[in-house]
Amino acid sequence: MPSAPPVDVPAYIIAAVLGIVLCLWGVQLSRVIASITLASVLGYLTYIYVHKAFGSIALAILFMFIAIGIGFALGFTLFRLGLSIVFGYTLASILTKSVIGFRETALLLVLTIIFTALIYVLSKYILILLFVASGSALLFKSLVALGLAPTLSLIVIVVVATVGIYNQLKRVI
């Protein structure tokens, strides 16, 4: 009978700490996450489309650096908008390329704008819950993997999630 694979204790401890951080300060960290993500996405897209349009690597790199700067600034100051743009583009890209099989840039742009607006409106209401749910799931899985009973793990994550929701709501309101 094969034995159970060994538990990677340091990895689960790091995951548990990350889960707690997401539960308690997810929305506050989302500004940094949004700025890095939006800067990366805008820089990449700018490079691709400028290079495609002009055929110049130097011009594409120049515009890419400008887009990265704009992405950092927008992502930090308007983090919900930044997250919405990234997720809106991702959804539109998946829908147009994978589901529909249509690769027209105009349709991609229109769908990106529609999805961005929809996600922006919804994000105000669910962003805290998403961070707390993600952090709680990560913490629960880590605690159970580290040997804590599922019932005790559930009690711990309910307490951490409650404190996290309170902590994040008091900073938003």
Side-chain angles (χ1 to χ4, degrees), residues 1-45 68 70-99 108 111-173:
M1 177 178 241
S3 63
V7 175
D8 187 0
V9 175
Y12 282 110
I13 290 173
I14 291 169
V17 170
L18 183 59
I20 292 170
V21 167
L22 285 176
C23 281
L24 297 178
W25 302 290
V27 171
Q28 289 83 6
L29 293 175
S30 66
R31 287 188 186 278
V32 174
I33 295 167
S35 64
I36 292 170
T37 305
L38 187 60
S40 301
V41 169
L42 284 181
Y44 171 76
L45 292 175
I68 287 172
I70 291 170
F72 272 123
L74 279 178
F76 193 78
T77 57
L78 304 170
F79 76 100
R80 279 185 30 229
L81 179 62
L83 289 174
S84 300
I85 290 170
V86 169
F87 286 118
Y89 172 76
T90 303
L91 285 174
S93 174
I94 290 169
L95 184 64
T96 56
K97 293 177 183 169
S98 300
V99 177
L108 179 66
L111 286 176
T112 299
I113 291 169
I114 291 169
F115 286 140
T116 297
L118 183 63
I119 292 168
Y120 183 81
V121 170
L122 294 176
S123 70
K124 184 177 5 176
Y125 303 107
I126 62 173
L127 196 58
I128 291 172
L129 292 176
L130 288 174
F131 277 109
V132 170
S134 299
S136 296
L138 191 57
L139 180 60
F140 180 78
K141 182 167 176 59
S142 298
L143 292 176
V144 170
L146 289 170
L148 192 62
T151 306
L152 289 175
S153 297
L154 186 61
I155 292 169
V156 169
I157 66 159
V158 166
V159 170
V160 172
T162 303
V163 171
I165 289 172
Y166 171 75
N167 185 49
Q168 293 186 64
L169 278 177
K170 79 175 184 178
R171 293 177 190 269
V172 171
I173 297 174

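Note that the structure is a prediction, hence the values are computed from the model and not measured. Any value given below was found using the heavy atoms of this structure, including those in side chains, with hydrogens, waters and symmetry copies removed.
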key: Exercise: identify the closest heavy-atom pair between Ala73 and Thr77   =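 It is O-OG1, 2.7 Å.
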Indicate every side-chain donor-acceptor pair of residues 85-95 with a distance under 3.5 Å to a residue at least two apart or in another chain.
{"unit_1": "Thr90", "atom_1": "OG1", "unit_2": "Val86", "atom_2": "O", "d": "2.8"}

Spacing of [X] atom [atom1] and [Y] atom [atom2] [to the nearest 0.5 Å]:
X      : Y      : atom1 : atom2 : answer
Ile165 : Asn167 : CD1   : CG    : 11.0 Å
Ser35  : Leu78  : OG    : CG    : 11.5 Å
Leu38  : Leu81  : CG    : CG    : 7.5 Å
Leu24  : Ile20  : CG    : CD1   : 7.0 Å

Using distance only, find each side-chain donor-acceptor pair of residues 148-162 under 3.5 Å and give its atom names and separation, not counting sequence neighbours.
{"unit_1": "Ser153", "atom_1": "OG", "unit_2": "Ala149", "atom_2": "O", "d": "3.0"}
{"unit_1": "Thr162", "atom_1": "OG1", "unit_2": "Val158", "atom_2": "O", "d": "2.7"}

query = Is it true that a side-chain atom of Ser84 and a backbone atom of Tyr120 form a donor plus acceptor pair closer than 3.5 Å?
reply =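 A pair under 3.5 Å: yes.
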query = Which residues pass the side chain to side chain contact (heavy atoms under 4.5 Å, CB included) test with Ile70, sequence neighbours left out?
reply = Ile66, Leu74
key: By side chain to side chain contact (heavy atoms under 4.5 Å, CB included) - contacts of Leu118 (at least two apart)   =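 Partners of Leu118 under the side chain to side chain contact (heavy atoms under 4.5 Å, CB included) test: Leu122.
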Going by atom type alone, with no hydrogens or angles, which donor-acceptor pairs under 3.5 Å involve a side-chain atom of residues 126-138 and a protein atom two or more places apart or on another chain?
{"unit_1": "Ser134", "atom_1": "OG", "unit_2": "Leu130", "atom_2": "O", "d": "2.8"}
{"unit_1": "Ser136", "atom_1": "OG", "unit_2": "Val132", "atom_2": "O", "d": "2.8"}

